[in-house]
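Presented below is the structure to which this report refers.
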Amino acid sequence: MTSAEASEKIRSLRDEINLHNHKYYVENNPDISDRDFDMLLKELESLEKEFPEFYDELSPTQRVGSDLTKGFEHVVHQRPMMSLSNSYGIEDVNDWFERVDKALEGEPFEIVGELKFDGTSISLTYRHGRLVRAVTRGDGTQGDDVTANVKTIRSIPLQLQPGDWPEEFEIRGEILMPWEVFERLNAERAFNEEPLFANPRNAASGTLKLQDPREVARRHLDARFYYLLADDLPFDTHYRNLEAAASWGFKVSRNVSLLHSLQEVDEYIEHWAEARKGLPVATDGLVFKVNSIRQQLNLGYTAKSPRWAIAYKFNPERALTQLRFVSFETGRMGIVTPVANLEPVLLSGTIVKRASLHNDDIIKELDIHQGDWLYVEKGGEIIPKITGVEKSRRESGASAIEFVTDCPECGTPLVRTFGEAAWCCPNQYGCRPQITGKIEHFCARRMMNIDGIGEETAELLFAAGLVERIADLYDLTEEKLSGLDRIGEKTARRILTGIEESKNVPFERVIYALSIPNVGETTAKRIAHAVKSMEAMRSMSEEELTAIPDVGPIIAKCIYDFLRTPVNEDNIRRLTEAGVRMSLTEEQMAPKGTSLEGKSIVISGTFAHHSREEYKELIENEGGKNVGSISKKTSFVLAGENMGPSKRQKCETLGIPMITEDEFLKMIGE
């Protein structure tokens with residue numbers, strides 16, 4: 001792979017992963033499996049390692065996805081909530097077991113086997129036996145304070161049973177929605193013609209973020225707890241601490257097992273691969289932890305996860321069902337996606353009726369015919385996926401599925417770019433789902449954050465002739481909205497307030513909101529800080545645009561053509577007149593500090609005062625350069641808690657200074 005090809009591939013992967021992070025952590029609406037996501041992330045990590053010249057502090061490999069949301073106080077975790085390394089085969093778990101054995105240099109150790117519950121992570125803090133705070137995982141460094149909502153969950157103790165609990169401690173677990181409650185909730189939503197939750201995890205996460213604790217209480221959430229943290233733990237083993245927590249009133253799984261050998265670990269996996277299907281709550285794997293707290297401390301952490309624990313993901317459940325028909329659906333960017341409509345089949349606790357076939361190549365590769373019996377899996381137990389055809393059950397004379405040649409919405413002949421898998425409708429500004437999709441995208445939280453306008457409202461506004469271009473949003477009035485079905489006075493005011501507040505959205509988010517082809521969130525930020533204003537960007541040539549980091553020739557042409565299309569020119573003019581921010585703020589363009597000018601700095605560990613991303617921004621603002629690995633050229637390492645021993649050793653070998661968090665803040669005058 002050439003350097004140019006690697007640059008384009010890395011950019012593409014970053015945008016794709018950022019989108020999936022947003023869907024998973026913010027929208028609670030993932031559209032790929034955990035395994036597929038992990039594979040994308042590993043591919044990106046591998047490319048970034050092979051081509052370090054494309055290092056980017058904003059890369060998704062440098063961060064943990066976040067579920068932070070507006071409306072809740074953000075709280076810094078006293079101890080970071082790190083993620084676990086994932087594995088998808090017994091061999092991976094066995095390799096981890098061997099690494100632990102080697103690291104402990106033959107010292108005997110025990111493993112605690114636990115079910116990996118599929119919910120939303122929570123951290124509870126208790127003082128003097130009373131619940132004082134409940135915080136979501138967030139980005140691992142800080143999360144949302146959801147104490148009021150957690151207090152409504154009856155399985156969580158507000159006051160502990162008498163026991164030898166520490167004066168202050170933290171306990172971590174998963175907030176869950178039992179299958180029975182999940183099915184009842186979705187039945188209610190179906191009756192009320194509301195969107196259904198994809199799975200219990202999404203339902204639990206969405207419920208925990210509701211602003212009304214009464215509604216949270218009505219949904220009967222549950223919880224399981226799996227890790228105790230304190231300065232003065234009652235026992236020196238994880239297993240006994242869990243037993244203690246259970247005696248204090250916490251709901252700890254009865255299926256936690258103490259394992260003494262690799263054979264017992266493998267047997268635990270084999271047993272729960274089938275037995276978990278009878279549980280009242282969703283699980284998506286198992287977790288294995290070294291039992292001894294002392295040994296956990298000795299094993300330590302990598303940059304992202306503890307070395308003393310590993311998660312094992314179950315293989316997707318598979319079912320066979322018959323294809324009813326294939327529908328074709330046009331998306332926001334004109335891509336036409338084939339969807340298999342199936343005879344309903346129960347899979348991983350939910351009824352599956354539809355599954356994406358992605359593109360024409362997949363249909364041909366699977367050789368799907370009318371009425372075929374198809375194998376369907378749930379990758380990560382969330383997204384249905386067609387994995388094969390049972391050709392022995394194919395009816396004689398059944399015809400192959402043919403991809404449509406015209407847009408199913410507007411009838412425009414489809415086009416296919418050379419080298420691309422997707423067929424697209426080129427009628428960008430006259431095709432209903434492309435128009436409404438762009439309106440919905442523009443209003444979404446990570447873009448202009450206009451509350452009250454989602455998919456259904458975007459469709460409603462378009463059908464009524466009120467919003468045919470995104471700039472039309474700024475012409476809406478309470479009078480215009482009040483005449484629409486399903487939009488009452490309160491909703492209309494909320495929409496208009498959101499539109500007014502959107503005028504203060506940063507310039508980089510405005511660029512992302514415009515739906516410029518191939519311009520994702522990270523690229524939009526790079527462009528904004530390079531061009532400074534929309535006026536400057538519109539005056540740039542393709543060659544000048546290509547000089548912006550992360551902008552190759554293809555993206556440059558997309559931007560250049562987009563800004564010279566009459567519809568977009570008019571949109572941008574009207575958005576500017578409406579008061580939407582079309583440049584960086586004076587503060588953003590103000591001269592930066594120089595205290596770190598010329599210095600190359602590596603960040604390692606976890607921090608108390610700022611997140612890693614904030615420290616990287618501080619370094620850039622002071623003229624420094626963020627680098628990903630330690631070398632002779634490194635000026636110093638900003639060393640937080642849990643800095644990896646290998647990095648520490650490399651600093652000592654090369655004589656690289658290690659600066660503490662407080663020393664660094666003094667250095668830059670904060």
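Predicted model, so just to flag it, every value in this text is computed and none were measured. We're numbering straight along the sequence, starting at 1.
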Using only atom types and a distance under 3.5 Å, with no angle test, would you say the side chain of [X] pairs donor to acceptor with the backbone of [Y]?
X: Glu48; Y: Phe54; answer: no
X: Lys650; Y: Ile630; answer: yes
X: His220; Y: Met177; answer: no
X: Thr147; Y: Ala134; answer: yes
X: Tyr268; Y: Gly113; answer: yes
X: Ser46; Y: Lys42; answer: no
X: Ser205; Y: Asn202; answer: no
X: Asn149; Y: Leu210; answer: yes
X: Ser257; Y: Leu259; answer: no
X: Gln296; Y: Val290; answer: yes

Decide, yes or no, whether a salt bridge links Arg79 with Asp231 under the criterion of side-chain N to carboxylate O below 4.0 Å.
-> yes
Glu114 with Arg224: basic N within carboxylate O range, under 4.0 Å = no
Sequence neighbours left out, what passes side chain to side chain contact (heavy atoms under 4.5 Å, CB included) with [X]? Give chain and number order.
X: Ala217; value: Thr152
X: Lys666; value: none
X: Thr387; value: Arg318, Tyr375, Glu377, Lys385
X: Val627; value: Ser600, Val602, Lys625

Considering residues at least two apart in sequence or located in another chain, which fulfil the side-chain hydrogen bond (donor to acceptor under 3.5 Å, both in side chains) criterion with [X]?
X: Ser253; result: none
X: Glu110; result: His260, Asn291
X: Arg127; result: Glu168
X: Glu661; result: Tyr615

What's the verdict on salt bridge (Lys or Arg N to Asp or Glu O under 4.0 Å) for Arg219 and Glu215, showing C-alpha distance, side-chain angles and the deciding distance?
-> CA-CA 7 Å; Arg219 293 193 182 179; Glu215 178 63 17; 3.2 Å; yes
Does [atom1] in [X] sit with more than 12 non-hydrogen atoms of other residues, nucleotides or ligands closer than 6.0 Å?
X: Glu53; atom1: CD; value: yes
X: Glu105; atom1: CD; value: no
X: Arg240; atom1: CZ; value: no

Ring pair (Phe, Tyr, Trp, His ring centres under 6.0 Å) against Tyr227, all qualifying residues, sequence neighbours excluded = His238, Trp308
Beyond-backbone contact of Phe636 with Met667, side-chain heavy atoms, under 4.5 angstrom = yes
Validation row: Leu84, Lys116 side chains within 4.5 angstrom (heavy atoms) | no
Can you list every pair that meets salt bridge (charged side-chain N to carboxylate O under 4.0 Å, His left out) and has a residue in residues 250-264, with sequence neighbours left out?
-> Asp222-Lys251
Please tabulate, for the side chains in residues 90-102, all donor-acceptor contacts under 3.5 angstrom to protein atoms that are two or more places apart in sequence or on a different chain.
from: Asp92; atom 1: OD2; to: Tyr88; atom 2: N; distance (Å): 3.4
from: Trp96; atom 1: NE1; to: Arg307; atom 2: O; distance (Å): 3.0

Just grab all the ring-ring contact (aromatic ring centres under 6.0 Å, His included) pairs involving residues 124-146, residues at least two apart or on different chains.
-> Tyr126-Phe169, Tyr126-Phe250
Between Glu174 and Thr120, is any side-chain donor less than 3.5 angstrom from a side-chain acceptor?
-> no
Of all heavy-atom pairs linking Met81 and Ser121, the shortest is CE-CB, 4.2 Å
Determine, step by step, whether Glu107 and Gln295 satisfy the side chain to side chain donor-acceptor pair (under 3.5 Å) criterion, reporting the C-alpha distance in whole Å, the side-chain angles of both residues, the deciding distance to 0.1 Å, and the verdict.
-> CA-CA 9 Å; Glu107 179 184 353; Gln295 290 177 333; 3.1 Å; yes
